[in-house]
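Taking it in order: structure first as structure tokens, then the write-up.
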Number of protein chains: 2
Amino acid sequence: MDILSRNIQDYLKHIYALTEDGGAASTTDLAARLGVAPASVTGMIQRLANAAPPLVEYRKHQGVRLTPHGEKAALEVIRHHRLLETYLVTMLGYSWDTVHEEACRLEHVISEEFESKIAAVLGHPTHDPHGEPIPNEALEMPADQALPLSALRPPQKALILRVRTENPALLRHLEQLGLVPGTKIQVVGYSSFDQNLTIHITQARNLQHVIGFSISSQIYVALQSFP
Amino acid sequence: MDILSRNIQDYLKHIYALTEDGGAASTTDLAARLGVAPASVTGMIQRLANAAPPLVEYRKHQGVRLTPHGEKAALEVIRHHRLLETYLVTMLGYSWDTVHEEACRLEHVISEEFESKIAAVLGHPTHDPHGEPIPNEALEMPADQALPLSALRPPQKALILRVRTENPALLRHLEQLGLVPGTKIQVVGYSSFDQNLTIHITQARNLQHVIGFSISSQIYVALQSFP
DNA sequence: TATTATTTTTAGGTAAGACTAAATTATTTT
DNA sequence: AAAATAATTTAGTCTTACCTAAAAATAATA
Ligand SMILES: [Mn+2]
Ligand SMILES: [Mn+2]
Ligand SMILES: [Mn+2]
Ligand SMILES: [Mn+2]
């Protein structure tokens, strides 16, 4: 298993995302993310587990997690992806809702030379246009203590760090609302019935929005010191 | 045959190159260029000929040529390739002997948006770093009346237009000799025994090189008006 | 705990695109 | 024209990566 096919690279990338916070990645979740039948995932998972060296650790019906080898390979793809997104937005004027698709194709074919050249041109960025951390050249992921906006309650204040979606329509929506990385906000309302949050955008005088859980759980923030 | 696989795209590109000056492309030549067994080429050619619409015209043992459909597809890939090469050299500092490989992978995955963005950034270039013409947006190939340097005899003068090789070692060699697009030269010697040409570089006082046919036939020039 | 419902795996198939070895066809040479 | 050589095609396999349908295992519910 010397050179990894682009399909395998995508599998590893998605397994990484699904296992980032602890648990194992289930067959169904992977199938949904990859747009593929669950049976196909089972087949691929078995190949990844039987590879030499193994890329995932797998116990039937228990889901998968990455081995150190698999994680390294995943981080390499993720670095490519996020550097590319940054490059496309910064240097070629892509909008943040369209970069993902392009980067998802390019990530598998660029050389290490290309990677290091765009990293240099960009000044070795640590975060992509959505605020996602970019692993450094040694593939270490910059740590941050982000938590989902959905976990906040009034009157907590926070700084938006990243937006964890690739959905172009949602990204355009968030941009319209001003809920982008770098924005300072305050939670000013919460409804326990539907989990809606009312968000006030600190910089703007009377701008506030009511957002549902499916949005607030995708936005990651850093809590601001609070008197 | 709606979307063409990258393998098919490469086949079409190489068929274009082999048929550019008239004739048909033979199975063996294609196999050599693609780094694949002749039998594999036969298999692929049959698929290309039976596609709807057909991409090549094929008669057993007679070689192939592109249909108008196939040619359009080939030119699309060639435009991608040459724009990419130009971008990599101009914007990312690649050297002209290393761009080919990178462009050959990227050409199959960039979107039309990417194509038009880099074309715009570069100011819609008409030639790539090797002097090869870049088809315009309508996929029309800019015409030029280039002829191989190997066809010249003393004391003809010429301007180097392009270098038709992807061989990194040869490209580095030519750069060293100063035989790059834009250079003005004069043929000052010819040996009918080995077809060697002695080339004088006009700009430089006493710089001249003896080059063999396998090099001079790869360099394309425009004849300079001659008294 | 027994029965459903959900999730996951197995079994059997397909399509691309490559390979090798053997068979054919074309082209040269004698 | 026959024989030898070179080029091309056919036949039979292989790998990757997907699919559907059926079987099996796990989780949820009565
Ligand atoms: Mn991808
Ligand atoms: Mn991103
Ligand atoms: Mn290519
Ligand atoms: Mn070129």
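Keep in mind that the numbers below use all heavy atoms, side chains included, and drop hydrogens, waters and symmetry copies. Numbers restart at 1 for each chain; the letters A, B, ... are given by sequence-line order, proteins then strands.
As rounded to whole Å, 14 Å separates atom P of dG17(C) from atom CG of N50(B). dA17(D) atom P lies 14 Å from atom CD of Q46(A), rounded to whole Å. Computed from coordinates, the R6(B) CZ to dA15(C) P distance equals 21 Å when rounded to whole Å. Taking atom CG of L30(B) as the reference point, atom C1' of dA7(D) lies 14 Å away to the nearest angstrom. Distance, I45(A) CD1 to dT9(C) P: 6 Å, rounded to whole Å. As rounded to whole Å, 18 Å separates atom P of dT16(D) from atom NE2 of H108(A). Atom CD of Q9(A) and atom P of dT16(D) are 15 Å apart (whole Å). Atom CD1 of I3(B) is separated from atom P of dA16(C) by 14 Å (rounded to the nearest Å).
Put simply, K60(B) has a side-chain N or O that comes within less than 4.0 Å of OP1 or OP2 on dT10(D). Side-chain nitrogen and oxygen atoms of S5(A) include at least one within less than 4.0 Å of the OP1 or OP2 phosphate oxygen of dA17(D). For dT16(D), neither phosphate oxygen OP1 nor OP2 lies less than 4.0 angstrom from any side-chain nitrogen or oxygen of N7(A). Within the structure, every side-chain polar atom (N or O) of S26(B) is placed at least 4.0 Å from both OP1 and OP2 of dA7(D). Put simply, Q62(B) has no side-chain N or O that comes within less than 4.0 Å of OP1 or OP2 on dA7(D).
Heavy-atom distances to DNA chain D give each of I8(A) and D29(B) a nearest nucleotide, and the one nearer the 5′ end belongs to D29(B).
Relative orientation of the H81(B) and H100(B) rings is tilted, given thresholds of 30° and 60° on the angle between their planes.
With respect to D128(A) and R162(A), no salt bridge is recorded, no charged nitrogen being found less than 4.0 Å from a carboxylate O. A salt bridge does not link R65(B) with E57(B): every distance from a Lys NZ or Arg NE/NH1/NH2 to an Asp or Glu carboxylate oxygen is 4.0 Å or more. We find that E20(A) and R164(A) are joined by a salt bridge, their nearest charged nitrogen and carboxylate oxygen being less than 4.0 Å apart.
Base-pair partner of dT29(D): dA2(C) (Watson-Crick or G-U wobble, both distances under 3.5 Å). The partner of dT30(C) is dA1(D), by the rule that a Watson-Crick or G-U pair needs both atom distances under 3.5 Å.
Candidate nucleotides dA17(D), dC18(D), dT9(D) were compared by shortest atom distance to the side chain of V36(A), and dC18(D) ranks first. Nearest to the side-chain atoms of A39(B) among the listed nucleotides dA25(D), dT10(D), dA21(D) stands dT10(D). Comparing dG17(C), dC19(C), dT20(D) against the side chain of R47(B) picks out dG17(C) as the nearest.
If you check every strand for non-hydrogen atoms under 4.0 Å, T27(B) touches sugar and phosphate atoms only. Among the heavy atoms of the strands lying under 4.0 Å from S40(A) is at least one base atom, whether or not backbone atoms are also near.
Partners of S116(A) under the side chain to side chain donor-acceptor pair (under 3.5 Å) rule, at least two apart in sequence or in another chain, do not exist in this structure.
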In sequence, state the C-alpha distance, the side-chain angles, and the governing distance for H80(A) and H108(A), and then conclude on ring pair (Phe, Tyr, Trp, His ring centres under 6.0 Å).
-> CA-CA 8 Å; H80(A) 285 188; H108(A) 309 290; 8.9 Å; no
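Interatomic distance, CG of L149(A) versus CD1 of I199(A), reported as 4.5 Å (0.5 Å rounding).
The stretch residues 11-23 of chain A touches DNA chain D through Y11(A), each having a heavy atom under 4.0 angstrom from the strand.
Distance alone, capped at 3.5 Å, places no donor-acceptor pair between the H69(A) side chain and the P54(A) backbone.
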